[in-house]
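Notes follow once the structure below has been shown.
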Protein chains: 2
Amino acid sequence: MNTSRPRGPGRPALTRTDGTPIRVLVVDDDPDLAEVLSGALRYEGWEVRTAGDGVSALAEARGLLPDAVVLDVMLPDTDGFTVLRSLHTVRSDVCVLFLTARDAVEDRIAGITAGGDDYVTKPFSLEEVVARLRGLLRRAGMARQLEDGPRLTVGDLTMDEEAREVTRGGELVELSPTEFELLRLLMRNPRRVLSKAQILDRVWSYDFGGQAHVVELYISYLRKKVDAGRPPMIHTVRGAGYVLKPAAVGP
Amino acid sequence: MNTSRPRGPGRPALTRTDGTPIRVLVVDDDPDLAEVLSGALRYEGWEVRTAGDGVSALAEARGLLPDAVVLDVMLPDTDGFTVLRSLHTVRSDVCVLFLTARDAVEDRIAGITAGGDDYVTKPFSLEEVVARLRGLLRRAGMARQLEDGPRLTVGDLTMDEEAREVTRGGELVELSPTEFELLRLLMRNPRRVLSKAQILDRVWSYDFGGQAHVVELYISYLRKKVDAGRPPMIHTVRGAGYVLKPAAVGP
DNA sequence: GCGCGCGCTGAGAGCGGGCTCAGAGGTTGC
DNA sequence: GCAACCTCTGAGCCCGCTCTCAGCGCGCGC
């Protein structure tokens, strides 16, 4: 217990190999979006800085030497590809996650994913951004392995994030993308009650206009697939939210 | 500082005989292309430097003493063959992979390949460059064999990269060049979901302007040949991509 | 014990991701 | 110069996914 900042999950944080927090630089010209993003990343226990354009991004990078950079492709002064090149001269093994509009010129993004970097299209969900970043850091060998690789486990429920495979008691459970994302959030916060608003904020895109009712719906879907006939792991806390726990041992 | 870490897939990385990362120098006057190339090679866990012309290439080479060099034939100051000669004075056993335009002087290239080096014509795919480099290093005895040679195996599916032979359950499977390249990528990343964008970036040429639709098409071709009538190994993960797994056991 | 309202679930519409077929254009080899 | 093959585009179809709506059960406060 040496954490200096209020951190969300009780789960072990992903840290650098020397135990200090992962350092991330968020670069986006929309201050609101940058704020939301950095909030979510701080929640992971990481150290976050922000920048609004390419020039200040590079300046920040030189000072911070970040492990990873979240980088909007469309910047007021330059484009992301140029920034990427410069970033690599600052720190050659930096991980970069691009943010791009869905219908943007994807040809310039081409080649990015091949280099080990990754991208998500706007509008994205925070869970997705965090998951991609974790994946990048893990593959780059930049993070200390506190868990056994890319596998999440709660009770007899396991999730392999890379293979996108979920099993309960050894049996394969097939999930749709949204179901998978929701279960991932629950599994990364076991024994912690998450409100519908929290879930909505993290699993659904930030521009989602719908109501919290979808959360109930997808919880219902998950129960059918994950709890089906077995001792329940997904519990409702009336008036508060939902919580995932290992199934009770009793008869 | 250029500390290459164990990047990329969980598969064992090809390393030097002493276990340290393979050292590669990328020489191309197009900075974007050099960036993409070095990204892909770093993803292999190799240590990469870049240079934009013949003079700085030689300077870098003297410092790095690279195991292999990816060398554009057309350079702003000299041509690749001159650089090749100088490189051999720096390190006589260096492996060289030439990058050349399709209609370049192929007769001069022919002489090169006789010497143990190799070449690819622009535009190329990253998978091809990486595969050729791996082949060169392996033949030169420069890399530690962590896998059993040039043979990939997933379940009852095998691929001999050098002979370009693929078998499923002992039966020969005949593939077109693109199909082969796509299957190689899948086999080098078993149990890992690859997005269509990732596949496009690695298997298709960097100047390919088309849509991700071709990936679906070629997956469909592969299924007809690889999975034909057998328990399927190629799986679609809706909204995420494709994954290759050993066929499920049991009925 | 009663009623309110939160939460659960079934039905179904709309959409878009993914698969396949057909065919054009290009390349290779004979 | 022709034939075979390979690659890619376009169109059409199917179906899984997502979300809205509506009705019902049940927990909880009174």
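Given the structure is predicted, the values throughout are model-derived calculations rather than measurements. Values reported hereafter were calculated over all heavy atoms of this structure, with side chains retained and with hydrogens, waters and symmetry mates removed.
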Between [X] and [Y]: side-chain donor-acceptor atoms closer than 3.5 Å:
X: R223(A); Y: T236(A); value: yes
X: D201(B); Y: T113(A); value: yes
X: T158(A); Y: T153(A); value: no

- Query: Of A240(A) and G239(B), whose nearest nucleotide on DNA chain C comes first from the 5' end?
  - Reply: A240(A)
- Item | V237(B) or T236(A), whichever maps to the more 5' nucleotide of DNA chain C | T236(A)
Using only side-chain N and O atoms of [X], determine if any of them is under 4.0 Å from OP1 or OP2 of [N].
X: W204(A); N: dT18(D); result: no
X: K196(B); N: dG18(C); result: yes
X: Y242(A); N: dC8(C); result: yes

- Query: Listed by chain and number, what are the ring pair (Phe, Tyr, Trp, His ring centres under 6.0 Å) partners of F180(B), not counting sequence neighbours?
  - Reply: none
- Quick one: ring pair (Phe, Tyr, Trp, His ring centres under 6.0 Å) partners of Y242(B), sequence neighbours excluded? none
- salt bridge (Lys or Arg N to Asp or Glu O under 4.0 Å) pairs, two or more places apart, involving residues 176-186 of chain B: E161(B)-R184(B), R164(B)-E181(B), E179(B)-K225(B), E181(B)-R184(B)
- Query: Counting only heavy atoms not in Q211(A), do more than 12 sit closer than 6.0 Å to its CD atom?
  - Reply: no
- With a cut-off of 6.0 Å (strictly less than), are more than 12 heavy atoms of other residues, nucleotides or ligands near NZ of K245(A)? no
With sequence neighbours left out, what residues match [X] under salt bridge (Lys or Arg N to Asp or Glu O under 4.0 Å)?
X: D29(A); result: none
X: K196(A); result: E216(A)
X: R230(B); result: E171(B)

- Message: D30(A): which residues meet the side chain to side chain donor-acceptor pair (under 3.5 Å) condition with it, sequence neighbours left out?
- Response: none
How long is the line joining [atom1] of [X] and [atom2] of [N], in whole Å?
X: R164(A); N: dC17(D); atom1: CZ; atom2: P; result: 12 Å
X: L200(B); N: dC8(D); atom1: CG; atom2: C1'; result: 12 Å
X: I199(A); N: dG7(C); atom1: CD1; atom2: P; result: 11 Å
X: Q211(B); N: dG16(C); atom1: CD; atom2: P; result: 16 Å
X: L222(A); N: dC19(D); atom1: CG; atom2: P; result: 14 Å

- Message: Generate the contact string for nucleotides 20-28 of chain C. Rules: B means base contact, S means sugar-phosphate contact only, - means no protein heavy atom under 4.0 Å.
- Response: BB-------
- Query: So what is the end-to-end bend of the helix from dG1(C)-dC30(D) to dC30(C)-dG1(D), with 5 pairs used at each end and the value given to 10 degrees?
  - Reply: 30°
- Under the side-chain contact (heavy atoms from CB on, under 4.5 Å) test, which residues partner V130(A), sequence neighbours left out? L41(A), E44(A), R134(A), R188(A), R202(A)
- Item | Within the 6.0 Å centroid threshold, strictly below: W204(B) and Y218(B) | yes
Give me the distances for all protein-to-nucleotides 2-5 of chain C N/O pairs that come in under 3.5 Å?
residue: dG5(C); atom: N2; partner: R238(A); partner atom: NH2; Å: 3.4

- Query: Quick one, which residues of residues 172-183 of chain B touch DNA chain D with a heavy atom under 4.0 Å?
  - Reply: S176(B), P177(B), T178(B)
